[in-house]
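First comes the structure, then the notes that go with it.
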There are 2 protein chains.
Amino acid sequence: MKPVSKPRQANPETSWVDDATLRQLMGYHMKRAFNVIQADLAATLKPFDLRMLTYTALVLIKDNPGLRQSQLADAMDIERPNLVVIIDELERRELIVRERVSTDRRAYALQVTMAGRQLCEQAETAVLLHENRLLENLDEETRAVMIAGMHLVEKNGKKG
Amino acid sequence: MKPVSKPRQANPETSWVDDATLRQLMGYHMKRAFNVIQADLAATLKPFDLRMLTYTALVLIKDNPGLRQSQLADAMDIERPNLVVIIDELERRELIVRERVSTDRRAYALQVTMAGRQLCEQAETAVLLHENRLLENLDEETRAVMIAGMHLVEKNGKKG
DNA sequence: TATTGTTATACTCTATAACTATA
DNA sequence: TATAGTTATAGAGTATAACAATA
């Protein structure tokens with residue numbers, strides 16, 4: 001919890017908010033950190049007219065040519081209906097294309113276009129700078145511990 | 001990235017999605033872990049008819065009698081307008097009361113009611129169980145490293 | 001019958017501008 | 001003029017049910 005200044009007329013000794021109950025909770029800290037990351041990433045991606053979700057989808061399509069929408073939704077951990085508008089937007093901007101799969105005409109194979117690849121690579125560079133700035137004083141081992149911990153949390157949550 | 005099974009007709013050797021580009025990003029892992037925590041906490045709080053935000057507000061009011069709405073919004077890292085509906089809901093359910101401050105008639109001093117305190121304490125017990133379950137195989141040191149790291153991220157994001 | 005992508009819908013969270021009443 | 005709380009509003013993320021086309 002960040003110390004919060006009380007109104008000027010209040011006692012200076014009590015110029016903070018007691019969050020002892022919440023401070024124990026990983027989710028409390030993670031929410032605050034994630035909000036910061038989310039806001040900073042949004043600002044980073046704004047020049048490319050991308051958001052976290054459209055960026056994530058674009059990267060995964062670029063790195064996995066021919067990916068199906070259902071696979072992508074699964075990988076991004078979102079529901080299929082929510083992916084549709086994301087894919088719509090990327091296709092409308094001609095950053096990706098939907099190609100019908102001849103062997104399964106229900107599915108689409110997703111591919112980046114040349115423009116999509118270029119934009120994606122430019123955005124990737126900006127995102128790495130954003131990441132390095134936010135993690136500036138975290139050494140590699142700390143980052144690794146955090147990531148491993150988050151994987152465990154994810155696993156614990158999904159087995160229950 | 002969780003391995004994702006490709007369509008049954010696909011090559012089993014390629015039954016996963018390559019996320020090498022995203023795997024480097026703390027925000028990517030944090031989003032996934034936080035989504036799990038958020039969903040699990042929502043389920044935990046559902047019997048009490050609370051959400052993460054209403055629970056957080058209730059706890060902070062209980063632990064800080066007389067708190068002002070502006071202080072609470074600041075502590076919760078949300079905008080004042082967004083707090084209003086949260087306070088409205090808690091007040092309508094008679095879990096808290098708004099009391100006018102005699103020395104500053106613009107402000108409200110927030111207080112929990114008896115019912116609010118009882119519900120809050122019951123919810124706290126459930127939340128601790130939820131937390132222990134999600135962090136089951138994370139030792140104390142790992143938790144501390146993660147929390148310290150998230151604080152640094154929060155600080156880095158807010159100084160820029 | 002089951003699956004892929006889709007539409008429609010609803011709820012939540014977040015963010016900003018502008019208002020009121022007090023200070 | 002500044003601040004506390006409020007209203008209105010808009011954008012974004014998430015979740016579910018139900019549908020058409022295809023397997």
Side-chain angles (χ1 to χ4, degrees), chain A residues 4-10 27 31-32 34-43 45-46 49-57 66-74 76-91 96 98-110, chain B residues 4-10 27 30-32 34-43 45-46 49-57 66-74 76-89 91 96 98-110:
Chain A
V4 174
S5 32
K6 284 212 169 180
R8 282 145 198 77
Q9 61 272 42
K31 173 172 185 172
R32 301 177 72 92
F34 180 67
N35 279 355
V36 162
I37 291 181
Q38 164 76 24
D40 195 273
L41 182 60
L45 291 175
K46 186 153 195 178
D49 203 4
L50 292 170
R51 290 161 293 136
M52 192 178 203
L53 285 172
T54 51
Y55 172 73
T56 305
L67 200 65
R68 311 287 192 273
Q69 285 183 209
S70 55
Q71 291 176 282
L72 181 53
D74 204 0
M76 289 176 66
D77 241 1
I78 64 177
E79 300 301 316
R80 284 116 190 103
N82 296 328
L83 182 61
V84 174
V85 288
I86 294 169
I87 298 300
D88 281 348
E89 177 180 336
L90 292 175
E91 191 183 39
I96 65 164
R98 280 170 163 113
E99 292 176 353
R100 277 291 182 198
V101 177
S102 58
T103 54
D104 184 347
R105 295 189 40 76
R106 294 171 303 182
Y108 286 115
L110 303 173
Chain B
V4 174
S5 31
K6 285 212 168 182
R8 282 144 197 76
Q9 61 271 41
M30 200 177 291
K31 173 174 183 167
R32 301 176 72 91
F34 180 68
N35 278 356
V36 162
I37 291 180
Q38 163 75 26
D40 195 274
L41 181 60
L45 292 175
K46 185 151 196 180
D49 203 4
L50 292 169
R51 290 161 293 135
M52 193 178 203
L53 285 172
T54 50
Y55 172 72
T56 305
L67 199 66
R68 311 287 190 273
Q69 284 184 209
S70 56
Q71 292 175 281
L72 181 54
D74 204 0
M76 289 176 67
D77 239 2
I78 64 177
E79 301 301 318
R80 282 110 187 111
N82 296 328
L83 182 61
V84 174
V85 287
I86 294 168
I87 298 300
D88 281 349
E89 179 180 336
E91 191 184 38
I96 64 165
R98 280 169 164 113
E99 292 177 353
R100 276 292 182 196
V101 178
S102 58
T103 55
D104 183 349
R105 295 188 41 75
R106 295 171 303 182
Y108 286 116
L110 304 174

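The structure displayed is predicted, hence computed values, not measured ones. Letters A, B, ... are given to chains in the order of the sequence lines, protein chains preceding strands, and every chain is numbered from 1.
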Using a cutoff of under 3.5 Å, can you pull out all pairs of nitrogen or oxygen atoms linking the protein to nucleotides 9-12 of chain D, with atom names and distances?
none

So which protein nitrogen or oxygen atoms get under 3.5 Å of nucleotides 21-23 of chain C's nitrogens or oxygens?
| unit_1 | atom_1 | unit_2 | atom_2 | d |
| --- | --- | --- | --- | --- |
| dA23(C) | OP1 | Arg105(B) | N | 2.9 |

Write down the protein N/O and nucleotide N/O pairs, taken from nucleotides 17-19 of chain D, whose separation is under 3.5 Å; answer none if there are no such pairs.
none

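With hydrogens and angles ignored, the 3.5 Å screen pairs no side-chain donor or acceptor of Arg51(A) with any backbone N or O of Lys46(A). At distances below 3.5 Å, not a single donor-acceptor pair connects side-chain atoms of Arg32(B) with backbone N or O atoms of Gly27(B).
Judged by closest nucleotide on DNA chain C, Val84(A) is the one of Val84(A) and Lys31(A) placed further toward the 5' end. For Val85(B) and Tyr108(A), each mapped to the nucleotide of DNA chain C holding its nearest heavy atom, the one lying further toward the 5' end belongs to Tyr108(A). Residue order along DNA chain D, read from the 5' end via each residue's closest nucleotide, puts Ala107(B) first among Ala107(B) and Ile78(A).
Scanning for side-chain hydrogen bond (donor to acceptor under 3.5 Å, both in side chains) contacts around Glu91(B) gives Arg98(B), with sequence neighbours left out. In terms of the salt bridge (Lys or Arg N to Asp or Glu O under 4.0 Å) criterion, Arg80(B) has no residue partners (sequence neighbours excluded). For Gln38(B), there are no side-chain hydrogen bond (donor to acceptor under 3.5 Å, both in side chains) partners at least two apart in sequence or on another chain.
Following rounding to the nearest Å, Met76(A) (CE) and dA15(D) (C1') show an atom-to-atom distance of 15 Å. dG5(C) atom C1' lies 14 Å from atom CD of Gln71(A), rounded to whole Å. For the pair Arg80(B) CZ and dC13(C) C1', the computed distance is 17 Å after rounding to whole Å. Distance, Phe34(B) CZ to dG13(D) C1': 12 Å, rounded to whole Å. If you take CZ of Arg32(B) and C1' of dT14(D), they are 15 Å apart, rounded to a whole angstrom. Residue Leu110(A) contributes atom CG, which lies 11 Å from atom C1' of dG5(C) at whole-angstrom precision. Atoms CE (Met52(B)) and P (dT14(D)) sit 14 Å apart, rounded to a whole Å. We find that CG of Asp88(A) is positioned 14 Å from C1' of dT4(C), with the value rounded to whole Å.
Remark: of the listed residues Gln69(A), Gln71(A), Arg68(A), Gln69(A) is the sole one forming a side chain to side chain contact (heavy atoms under 4.5 Å, CB included) with Leu110(A). Each of Leu53(B), Asp77(B), Leu41(B) was scored for a side chain to side chain contact (heavy atoms under 4.5 Å, CB included) with Lys31(A), with one residue passing: Leu53(B). Of the residues Leu83(B), Asn82(B), Asp88(B), the one that meets the side chain to side chain contact (heavy atoms under 4.5 Å, CB included) test with Ile86(B) is Leu83(B).
When every heavy atom of Leu72(B) is checked against every heavy atom of Ala57(B), the shortest pair comes out as CD2-CB, 4.2 Å.
Among the protein residues, Gln69(A) comes within range of the sugar-phosphate backbone only, with heavy atoms under 4.0 Å from sugar or phosphate atoms but none that close to a base.
A 4.5 Å side-chain heavy-atom check between Tyr108(B) and Glu99(B) finds every atom pair outside the cut-off. Residues Thr54(B) and Leu45(B) form no side-chain contact, since every pair of their non-hydrogen atoms from C-beta on lies 4.5 Å or further apart.
Contact between the side-chain N/O atoms of Ser70(A) and the OP1/OP2 oxygens of dG5(C) is found at a separation under 4.0 Å. A sub-4.0 Å separation between OP1 or OP2 of dT6(D) and a side-chain N or O of Arg98(B) is present.
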* Any chance you could lay out the side-chain contact (heavy atoms from CB on, under 4.5 Å) test for Leu90(A) and Leu50(A), step after step, and finish with the verdict? => CA-CA 9 Å; Leu90(A) 292 175; Leu50(A) 292 170; 4.3 Å; yes
